[in-house]
Enquirer: 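The structure follows.
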Amino acid sequence: MLNSILLTLLCTSQSICLLTELINAVYGLSKIPVIRSSCFLIISIGVFMHCAQTGLMATISVDLFISIVFPLRADWAKKTKIVHLPPPSSPCIRLRHRMIRTLHYLVILCLPTLIYGIVVIIIAIVHMDSSIIPLCNPPLALPTIANQVWYFVAFCFGGVTIATYIISFSTIACKKKSRSVRDSNRSSTGIERKAMKSLSVLLVVFVVTRFLGTVMANVMNLAGVDPATVGLVQSYNVFSAMICYSSSFYVCFFRSSEYRRIFWFQIVRVASRLGE
């Protein structure tokens, strides 16, 4: 359930990011001079959603990491009497790796992402200027210091995403090979492994597109490359970023029959209502 909520949030943030790129396309094709402060005002929501989608990738991987590496066995909980297991009708999540209400757990996981987006927006507002920029996109809409903070934290989130996935995959591999694993754990590991298949594809797309672009931007900033050149490279990174933003839909669509069924059902309903 929680993975579905996180994926929904991820897809929503990525969809908004794609919509903000339309604004960039309009300015780019019309060759209208763009003032940074005006651009930021128009796409500030998009800037926040850029932060959100980067943080949510890390949040999803951390959730899987917790569920796989630190499982809380129900039989162990009963034996030690450290926690009281909820009844079947309880609103608490009854997965073995956490005994906490869904909303509380979701807020805790997403808090770093929320702080990241708010801090970047605040820094941008404080240091905003009225210089002319060639395009209206998030990297150029942010002042230099906000841009550097944005890319550095994005790099940290990307590192967390990759590290937790590697540890999770390694743990699953060890569990699979171990002969001492109990049958219930094997069943759970199989479910976890199936859940990670689609998410692992999203991770690969994220690393090849968004994360490599983030690494390049941080290296150029640390090397003291001319800001105009850095801005140009960051602007062209939008093409790979758009692949990352749209990957969630295509991966889920092609790997999940249930997702396809629900999606087509929604399309039919919308089409029927529009035809009325």
Side-chain angles (χ1 to χ4, degrees), residues 9-57 113-114 116-155 157-158 205-206 208-250 270 274:
L9 293 174
L10 177 64
C11 291
T12 301
S13 62
Q14 291 176 336
S15 298
I16 296 176
C17 289
L18 287 172
L19 290 175
T20 58
E21 295 302 334
L22 294 176
I23 299 175
N24 184 31
V26 170
Y27 275 103
L29 294 175
S30 61
K31 298 182 179 180
I32 300 175
V34 186
I35 300 175
R36 175 172 283 131
S37 57
S38 300
C39 173
F40 177 78
L41 182 63
I42 296 173
I43 67 169
S44 56
I45 295 179
V47 172
F48 181 84
M49 288 303 171
H50 273 74
C51 299
Q53 68 92 21
T54 302
L56 285 170
M57 284 296 300
T113 299
L114 183 62
Y116 171 39
I118 293 175
V119 168
V120 168
I121 294 295
I122 292 176
I123 294 175
I125 292 174
V126 171
H127 296 274
M128 185 53 62
D129 57 58
S130 299
S131 57
I132 303 296
I133 54 179
L135 295 171
C136 184
N137 55 41
L140 296 180
L142 294 173
T144 302
I145 184 171
N147 182 288
Q148 292 175 350
V149 171
W150 183 44
Y151 271 110
F152 177 76
V153 179
F155 172 78
F157 270 122
V205 175
F206 172 77
V208 173
T209 56
R210 190 73 181 123
F211 185 67
L212 288 182
T214 302
V215 172
M216 183 184 301
N218 280 282
V219 170
M220 294 180 71
N221 286 330
L222 291 175
V225 178
D226 179 61
T229 304
V230 175
L232 183 64
V233 172
Q234 292 174 352
S235 297
Y236 282 110
N237 277 341
V238 68
F239 295 106
S240 61
M242 290 177 68
I243 297 175
C244 178
Y245 301 152
S246 58
S247 62
S248 296
F249 167 78
Y250 292 106
V270 172
L274 292 176

Enquirer: Locate the shortest heavy-atom distance separating Leu142 from Asn147; write the atom from each residue and the value.
Expert: CB-N, 3.9 Å

Enquirer: Just how far is it from atom CE of Met49 to atom SG of Cys17, taken to the nearest 0.5 Å?
Expert: 8.0 Å

Enquirer: Just wondering, are more than 12 heavy atoms of other shown residues or ligands nearer than 6.0 Å to CG in Leu114?
Expert: yes

Enquirer: How long is the span from the OG1 atom in Thr12 to the CG atom in Leu56, to the nearest 0.5 Å?
Expert: 9.5 Å

Enquirer: Would you name the heavy atoms of Val47 and Ile121 that are closest together and state the gap between them?
Expert: CG1-CD1, 4.0 Å

Enquirer: Kindly compute the distance separating CZ (Arg36) from CD1 (Ile133), expressed to the nearest 0.5 Å.
Expert: 5.5 Å

Enquirer: Any side-chain to backbone donor/acceptor pair from Ser38 onto Val34? Under 3.5 Å, distance only.
Expert: no

Enquirer: Is the backbone of Tyr151 close enough, under 3.5 Å, to the side chain of Asn218 for a donor and an acceptor to pair up by distance?
Expert: yes

Enquirer: To check you understand the geometry: which heavy-atom pair defines the closest contact between Pro138 and Ile43, and what is its length?
Expert: N-CD1, 3.6 Å

Enquirer: Considering all heavy atoms of both residues, which atom of Pro134 and which atom of Leu140 are nearest to each other, and what is their separation?
Expert: CG-CD1, 3.8 Å

Enquirer: Can you label the angle between the Tyr116 ring and the Phe157 ring as parallel, tilted or perpendicular, going by 30° and 60°?
Expert: tilted

Enquirer: Considering all heavy atoms of both residues, which atom of Ala124 and which atom of Pro143 are nearest to each other, and what is their separation?
Expert: O-CG, 3.7 Å

Enquirer: Check whether more than 12 heavy atoms from other residues, nucleotides or ligands sit under 6.0 Å from atom CD1 of Ile125, and answer yes or no.
Expert: yes

Enquirer: Might you point out which heavy atoms bring Gly46 and Thr20 nearest each other, and give the distance in Å?
Expert: CA-CG2, 3.4 Å

Enquirer: I'd like to check Cys39 versus Tyr27 (side-chain heavy atoms, cut-off strictly below 4.5 Å). Are they in contact?
Expert: no

Enquirer: Would you compute the distance between atom OG1 of Thr113 and atom CD1 of Ile118 and round it to the nearest 0.5 angstrom?
Expert: 11.0 Å

Enquirer: Can you confirm whether Phe48 sits close enough to Ser13 that some side-chain heavy atom of one is under 4.5 Å from a side-chain heavy atom of the other?
Expert: no

